[in-house]
Student: 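Here it is: the structure, laid out below.
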Amino acid sequence: MKKIAVLSGDGIGPEVMREALKVLSAAEKKYNLSFSYAYADVGGIAFDKHNTALPQETITICEEADAVLFGSVGGPKWDHLPVEQKIERVALLGLRKYFGFFANLRPAVVLKPLCSISPLRGEIVKEGFNFLIVRELTGDAYFGKKYSDANQASDEMLYTRLEVERIARVAFETARKRKKKVTCVDKANVLTSSIFFRKIVMETALQFPDVVLDFIYIDNATMQIIARPQSFDVIVTTNLFGDILSDEAAQLTGSIGLAPSASLNEKGFGLYEPMGGSAPDIAGKNIANPIAQILSAALMLRYSFAQEKAAQAIEGAVLRVLEQGYRTKDIMQKGCKEVGTKEMGTLIASGL
Ligand code: NAD
């Protein structure tokens, strides 16, 4: 029995989470798995009830769980809060820090039926693409020494050996389960921290002789993922470059409502969430796309529970429902049938 902490949060969070749980329940039956769910408040709803976006009780529930399935948090109701109480900051950065999530995995996938909603030209998208960005989360300019006075300001881009080794291992291990290729994205032609990052990635590669490693500078990477996205399998990169590159890649898939993500710590404990936010503009209307949340649940099966077959089955069910022409509003195409959040969840669950 695997225990899942369910943190639905705000806005469309609870709506899309319901559909992910529907699909997990179908996967449970089909693959003879057993899940128990522990629900906890997070985000604005937690702030209203407990005066903090991340109550201790929620942390305890996550600690007792085998994985965390997260919805999204925040919304205009809480925008006025001072910086130390900001919903996203307290909830997401708080969980990231508490559990030591250092690896952020963001798949960039264009499925064949959705090729035409990618902003890339048809001749570039071809039959779709599938690569994975592994972003380091604990180092770089975000956490290095900060300095500012009236005339200058700086952020130190610090990386330690341990930080680079562990993110590189995640990338190589993940590539082993894919097409066995890792591309290290850095700025080693200019930055000392990038020269170091690249060196440690090369050293770690020696433990993975079956995985091909190549290198590309970040400026070129931003061009190549829109010029030849099929050439990538796993990209490993620093915190700052990963932040930017993963948003660029998410945009290539056509809708943020399709994009899942995983954050892992050293023990393999993970938090799984859609890349998008709480989408207050569409909350409560049954039009949000639940696919990002459903695919986040599939990542949880893959990375936290080692249930590759069940993960692939969910991804396959999503593909089949799209092939049958069903679409939520955000990915609607001519000749397709528009369905709501609940209907999309039901179709995918029964497609399993
Ligand atoms: P957003 O991702 O919530 O929305 C951006 C656009 O994408 C909106 O038009 C929205 O309708 C659309 N969208 C997002 N998810 C969708 C889905 N599943 N289906 C269909 N359309 C979808 O970003 P935002 O508007 O900048 O932020 C809204 C709130 O969410 C803010 O309070 C922000 O702080 C918060 N936020 C939370 C997270 C998180 O919980 N991880 C991430 C980003 C933003």
Side-chain angles (χ1 to χ4, degrees), residues 5-20 23 40-48 53-54 58 62 68-83 85-97 99 101 104-106 109 114 117 119 135 137 243-244 246-263 270-297 299 318 321-322 326-333 336 338-345 348:
V6 179
L7 278 56
S8 303
D10 309 310
I12 61 167
E15 293 172 56
V16 292
M17 185 65 83
R18 265 193 296 276
E19 303 317 310
V23 174
D41 292 330
V42 73
I45 187 170
F47 183 84
D48 290 350
L54 184 61
T58 298
C62 293
V68 180
L69 196 54
F70 191 96
S72 48
V73 293
K77 183 178 174 194
W78 303 282
D79 278 351
H80 66 281
L81 290 174
V83 67
Q85 288 182 314
K86 284 270 177 227
I87 298 297
E88 245 188 287
R89 189 187 144 109
V90 173
L92 276 166
L93 294 190
L95 282 166
R96 206 180 269 181
K97 198 168 166 199
F99 288 101
F101 295 125
N104 188 220
L105 276 57
R106 293 184 165 205
V109 181
L114 295 181
I117 66 159
R135 169 189 169 196
L137 282 182
D243 191 357
I244 298 162
S246 55
D247 272 15
E248 185 192 5
Q251 188 58 40
L252 302 185
T253 65
S255 168
I256 192 81
L258 297 165
S261 79
S263 298
L271 178 145
Y272 301 85
E273 59 170 334
M275 280 190 219
S278 58
D281 53 331
I282 58 166
K285 296 182 180 164
N286 192 39
I287 55 173
N289 191 340
I291 290 179
Q293 189 78 57
I294 290 168
L295 293 177
S296 299
L299 293 183
V318 168
V321 167
L322 294 172
Y326 295 104
R327 301 283 187 274
T328 44
K329 198 178 171 67
D330 57 313
I331 53 172
M332 187 56 192
Q333 291 164 290
C336 291
E338 190 173 321
V339 293
T341 311
K342 287 182 198 158
E343 294 73 22
M344 183 55 97
I348 295 168

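Atoms within a ligand are numbered from 1 in the order they appear, just like the ligands themselves. Below, each value reflects all heavy atoms present in this structure, side chains not excepted, and no hydrogens, waters or symmetry copies.
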Student: Going by the closest heavy atom to atom 31 (C) of ligand 1, which one wins out of Gly75, Gly277, Ser72?
Tutor: Gly75

Student: Does some side-chain heavy atom of Thr328 sit less than 4.5 Å from a side-chain heavy atom of Glu343?
Tutor: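 Not touching, per the 4.5 Å side-chain cut-off.
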
Student: Just need the protein heavy atom nearest to atom 7 (O) of ligand 1, so name the residue and atom and give the distance.
Tutor: Ile256 CG2, 3.5 Å

Student: Within the structure provided, determine whether Phe99 and Leu271 are in side-chain contact (heavy-atom separation under 4.5 Å).
Tutor: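 Heavy-atom side-chain distance check fails, nothing below 4.5 Å.
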
Student: Check each heavy atom of Glu273 against ligand 1 and say whether those closer than 4.0 Å belong to the side chain, the backbone, both or neither.
Tutor: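 It is the side chain that gets close, since no backbone atom is under 4.0 Å.
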
Student: Would you name the heavy atoms of Lys77 and Asp48 that are closest together and state the gap between them?
Tutor: NZ-OD2, 2.6 Å

Student: Check Val16 against ligand 1 and report side chain, backbone, both or neither, counting heavy atoms closer than 4.0 Å.
Tutor: neither

Student: For ligand 1, find out whether one of its N or O atoms is nearer than 3.5 Å to an N or O atom of Ser255.
Tutor: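 The answer is no, given that Ser255 and ligand 1 share no N or O pair closer than 3.5 Å.
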
Student: Looking at atom 37 (C) of ligand 1, what's its closest protein heavy atom, distance included?
Tutor: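 Scanning the protein heavy atoms, the shortest distance from atom 37 (C) of ligand 1 goes to Val73 O, 3.1 Å.
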
Student: With no hydrogens and no angle check, just 3.5 Å: does a side-chain donor-acceptor pair link Ser278 and Asp10?
Tutor: no

Student: Quick one: which ligand 1 atoms are inside 4.0 Å of a heavy atom on Gly74?
Tutor: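 The atoms of ligand 1 under 4.0 Å from a heavy atom of Gly74 are 32 (O).
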
Student: Is it the side chain (CB and beyond), the backbone, both or neither of Leu92 that lies under 4.0 Å from ligand 1, heavy atoms counted?
Tutor: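 The answer is the side chain.
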
Student: When you compare ligand 1 with Ala288, is there at least one nitrogen or oxygen pair between them that comes in under 3.5 angstrom?
Tutor: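 No, there is no polar N/O contact under 3.5 Å.
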
Student: Is the number of heavy atoms from other residues, nucleotides or ligands within 6.0 Å of NZ (Lys86) greater than 12?
Tutor: yes

Student: Checking the side chain of Glu19 only, and the main-chain atoms of Asn289 only, is there a donor and an acceptor separated by less than 3.5 Å?
Tutor: no

Student: Which ligand 1 atoms are under 4.0 Å away from a heavy-atom of Asp330?
Tutor: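 Within the 4.0 Å cut-off of Asp330, ligand 1 contributes 20 (C).
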
Student: Between Arg106 and Asp243, does any side-chain N to carboxylate O distance fall below 4.0 Å?
Tutor: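 No, this pair does not count.
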
Student: Considering only non-hydrogen protein atoms, determine which one is nearest to atom 29 (C) of ligand 1 and report residue, atom name and distance to 0.1 Å.
Tutor: Ser278 OG, 3.3 Å

Student: So for ligand 1, is Phe70 a polar contact partner (N or O within less than 3.5 Å, distance only)?
Tutor: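 No.
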
Student: Before signing off on this row, confirm whether Ala279 and ligand 1 have an N or O atom pair separated by under 3.5 Å.
Tutor: yes

Student: Is a side-chain N or O of Ser296 found less than 3.5 angstrom from the main chain of Pro260, in a donor-acceptor match?
Tutor: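 Not confirmed, Ser296 side chain does not pair with Pro260 backbone.
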
Student: At their closest point, which heavy atom of Ile12 faces which heavy atom of Ala288, and how far apart are they?
Tutor: CG2-CB, 3.7 Å

Student: Backbone N or O of Leu54 within a donor-acceptor pair of the Thr58 side chain at under 3.5 Å?
Tutor: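 Flag not set: sc Thr58 to bb Leu54 has no pair under 3.5 Å.
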
Student: Which heavy atom in Gln293 sits nearest to a heavy atom in Ala20, and how many Å separate them?
Tutor: CG-CB, 3.6 Å

Student: Just to be sure I read this right, does ligand 1 sit under 4.0 Å from the backbone of Pro280, its side chain, both, or neither, counting only heavy atoms?
Tutor: side chain

Student: Output yes when a side-chain donor or acceptor of Asn104 lies under 3.5 Å from a complementary backbone atom of Ala262, and no otherwise.
Tutor: yes

Student: Can you check whether a protein heavy atom sits less than 4.0 angstrom from atom 9 (O) of ligand 1?
Tutor: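 Yes, at least one protein heavy atom sits under 4.0 Å from atom 9 (O) of ligand 1.
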
Student: For atom 27 (O) of ligand 1, is some protein heavy-atom partner under 4.0 Å away?
Tutor: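 No.
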
Student: Under 4.0 Å and counting heavy atoms only, is there anything from the protein next to atom 5 (C) of ligand 1?
Tutor: no

Student: Atom 33 (C) of ligand 1: which protein heavy atom is closest, and how many Å away?
Tutor: Glu88 OE1, 3.3 Å

Student: Give the residue and atom name of whichever protein heavy atom lies nearest to atom 18 (N) of ligand 1, and the separation in Å to one decimal.
Tutor: Asn289 O, 3.0 Å

Student: Measuring from atom 20 (C) of ligand 1, which candidate in Asp79, Thr328, Ile282 has the nearest non-hydrogen atom?
Tutor: Ile282

Student: Strictly less than 4.0 Å: does any protein heavy-atom distance to atom 1 (P) of ligand 1 fall in that range?
Tutor: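 Given the 4.0 Å limit, the answer for atom 1 (P) of ligand 1 is yes, a protein heavy atom qualifies.
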
Student: For the pair Asn286 (side chain) and Thr341 (backbone), establish whether a donor and an acceptor sit closer than 3.5 Å, ignoring hydrogens and angles.
Tutor: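 Checking the backbone N and O of Thr341 against the side chain of Asn286, a donor-acceptor pair under 3.5 Å is found.
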
